[in-house]
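Here is how names work: the chains are called A, B, and so on, in the same order as the sequence lines, proteins then strands, and each is numbered from 1. Since the structure is predicted, the reported quantities are computational estimates derived from the model, not experimental observations.
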Number of protein chains: 2
Amino acid sequence: MKAGPNIAAIAALVGDPARANMLTALMTGHALTATELAHEAGITLQTASSHLAKLHDGGLLTLRRQGRHRYFSLADNDVAQVLEGLMGLAARAGHLRARPGPREPALRNARVCYDHLAGDQGVRLYEALLSNKLLSVRSETATLTSHGKTFVTDFGVNLAPLESARRPLCRLCLDWSERRMHLAGALGAAFLHRFYELKWARREDGTRVVTFSKRGAEAFSALLA
Amino acid sequence: MKAGPNIAAIAALVGDPARANMLTALMTGHALTATELAHEAGITLQTASSHLAKLHDGGLLTLRRQGRHRYFSLADNDVAQVLEGLMGLAARAGHLRARPGPREPALRNARVCYDHLAGDQGVRLYEALLSNKLLSVRSETATLTSHGKTFVTDFGVNLAPLESARRPLCRLCLDWSERRMHLAGALGAAFLHRFYELKWARREDGTRVVTFSKRGAEAFSALLA
DNA sequence: CAAATGCTTCGATTAGGATCGAAGTATGAA
DNA sequence: TTCATACTTCGATCCTAATCGAAGCATTTG
């Protein structure tokens, strides 16, 4: 017997197909109700309720009661990151879902990872910030340079509330498709939110796919130049 | 049904206690035989054989036949990283192993993560390299600065074979205990190897714990200063 | 208040897979 | 060739946990 945390319990939680489907659905970053998650996983409400209780007990989900609804979401970005890691291993092992479908390439190009942009475009954003010296990396949390702060503010993101919040401003997250780092944390979320706001991009309903409009893609490229 | 890799299959592999024990044992980075792993997990050889076949099929383990032994090891650092991530979630959820024991603090201080140094000391090393500008981070793979190359060579690491190898020289890895980045990749492995060589540190038998000698700890601190 | 919606708990069924004994295969040593 | 070691395969057993129907609880709406 070895010392250390018991990973089997947590992994077993993710290891059930129904639960894995629910967790995958929550990777959009949206909070979903028990009913929605049951539908997503293709099981009855009773079964879903039991699964959700387990996931909640295991610390993978947070629960927000609102009226007669119970909204579940991923506990935090750490959970999302482990799920992305598992996706990486699964993709490599060739354990792709039944039908890769036409969405697969779109998913690799740009997708929501909990609440920030991942995929090829997510990596592009992160790398551009680095090479333009707007971001400097040190330990897990990157920090904005003074140039970076100006840049972000000019782009229309209000930094003050983000900086005072408990959540780290900049964090790094590893892609399963790109196998490279991209920007997470409050700033990562703020960027994606601003892209939506400017109508540069939008989320495909019920999926993690993010599509850039023609104008949005051009503006995005110009921003990174 | 969502698009994307099937994480349930992989997670289920890790989700069985016997298999999780084997994987945890392999986090030392040492290759182990089926018999050793069976003993480690507390199961018979037949059962272990079946589990190992599944882990191998799932791409989590690599197999090296040597004589009448079959040596299993983790497929690569990606697998180790996901396991570390799971440990982080498990530790947080309070799902610690039966008895934390006196090894737990030692494990947090310094331990082997696949083949490089993790824990508090691992983070110290990484941060010192960064703040002394011996290492610069960009995307997932950090790179040695020219000062860094001199430093590493002076320390007694032969860089040439590492640089020409297929394995990335510097990679980053996230701790479950420290929740911070530390140095992995060929260079991370080389550092740990050199620490052993200089007798600054040694591995506790059968565990992931790394203990620094008094002289070793002093020398290590001096190196990072 | 009653009715409807959203979710949980209980109980019974069922299926998958973890386990080990026994027998079989492969490699090495004598 | 014979024996021993290292491991795999087969088959039977057993147990956990996933599942859903039915009933119960909570909250909102009318």
Novice: What's the CD1-P distance between B/I43 and D/dC7, to the nearest Å?
Specialist: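 It works out to 13 Å between those atoms.
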
Novice: Run the ring-ring contact (aromatic ring centres under 6.0 Å, His included) test against B/H51 and tell me which residues pass, sequence neighbours left out.
Specialist: none

Novice: Is there a side-chain polar atom (N or O) of B/T44 under 4.0 Å from OP1 or OP2 of C/dG21?
Specialist: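 It does not, given that no N or O in the side chain of B/T44 lies less than 4.0 Å from OP1 or OP2 of C/dG21.
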
Novice: For A/L37 and C/dT8, give me the distance from atom CG to atom C1', rounded to whole Å.
Specialist: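 Nearest whole value for this atom pair: 16 Å.
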
Novice: Between A/L45 (CG) and D/dA18 (P), how many Å, whole number?
Specialist: 17 Å

Novice: N/O contacts under 3.5 Å, protein versus nucleotides 14-18 of chain C?
Specialist:
{"from": "C/dA18", "atom 1": "OP2", "to": "B/R19", "atom 2": "NH1", "distance (Å)": "3.1"}
{"from": "C/dA18", "atom 1": "OP2", "to": "B/K54", "atom 2": "NZ", "distance (Å)": "3.0"}
{"from": "C/dA18", "atom 1": "O5'", "to": "B/D16", "atom 2": "OD1", "distance (Å)": "3.4"}

Novice: Separation of A/L63 atom CG from D/dA26 atom C1', in whole Å?
Specialist: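 The distance from CG of A/L63 to C1' of D/dA26 comes to 14 Å, rounded to the nearest Å.
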
Novice: Output a table of nitrogen or oxygen pairs between the protein and nucleotides 27-30 of chain D separated by less than 3.5 Å.
Specialist:
none

Novice: I'd like to check the side chain to side chain donor-acceptor pair (under 3.5 Å) partners of A/S49; sequence neighbours left out, ordered by chain and number.
Specialist: none

Novice: Return whichever of B/H69 or A/G42 has its heavy-atom-nearest nucleotide of DNA chain D closer to the 5' end.
Specialist: B/H69

Novice: Using the side chain to side chain donor-acceptor pair (under 3.5 Å) criterion, which residues pair with A/R215? Sequence neighbours excluded.
Specialist: none

Novice: Return the value, rounded to whole Å, for the distance between atom CG of A/L52 and atom C1' of D/dT19.
Specialist: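 The answer, rounded to whole Å, is 15 Å.
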
Novice: Among all residues two or more places apart in sequence or in another chain, which pass the side chain to side chain contact (heavy atoms under 4.5 Å, CB included) test with B/A34?
Specialist: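 Expected list: B/L45, B/L52, B/F72.
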
Novice: Tell me, please, which residues at least two apart from A/H69 pass side chain to side chain donor-acceptor pair (under 3.5 Å).
Specialist: none

Novice: Could you pull out all residues at least two apart from A/H193 that satisfy ring-ring contact (aromatic ring centres under 6.0 Å, His included)?
Specialist: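 Result, ring-ring contact (aromatic ring centres under 6.0 Å, His included) vs A/H193: none returned.
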
Novice: Going by ring-ring contact (aromatic ring centres under 6.0 Å, His included), name the residues that satisfy it together with A/F220, two or more places apart in sequence or in a different chain.
Specialist: A/F195, A/F212

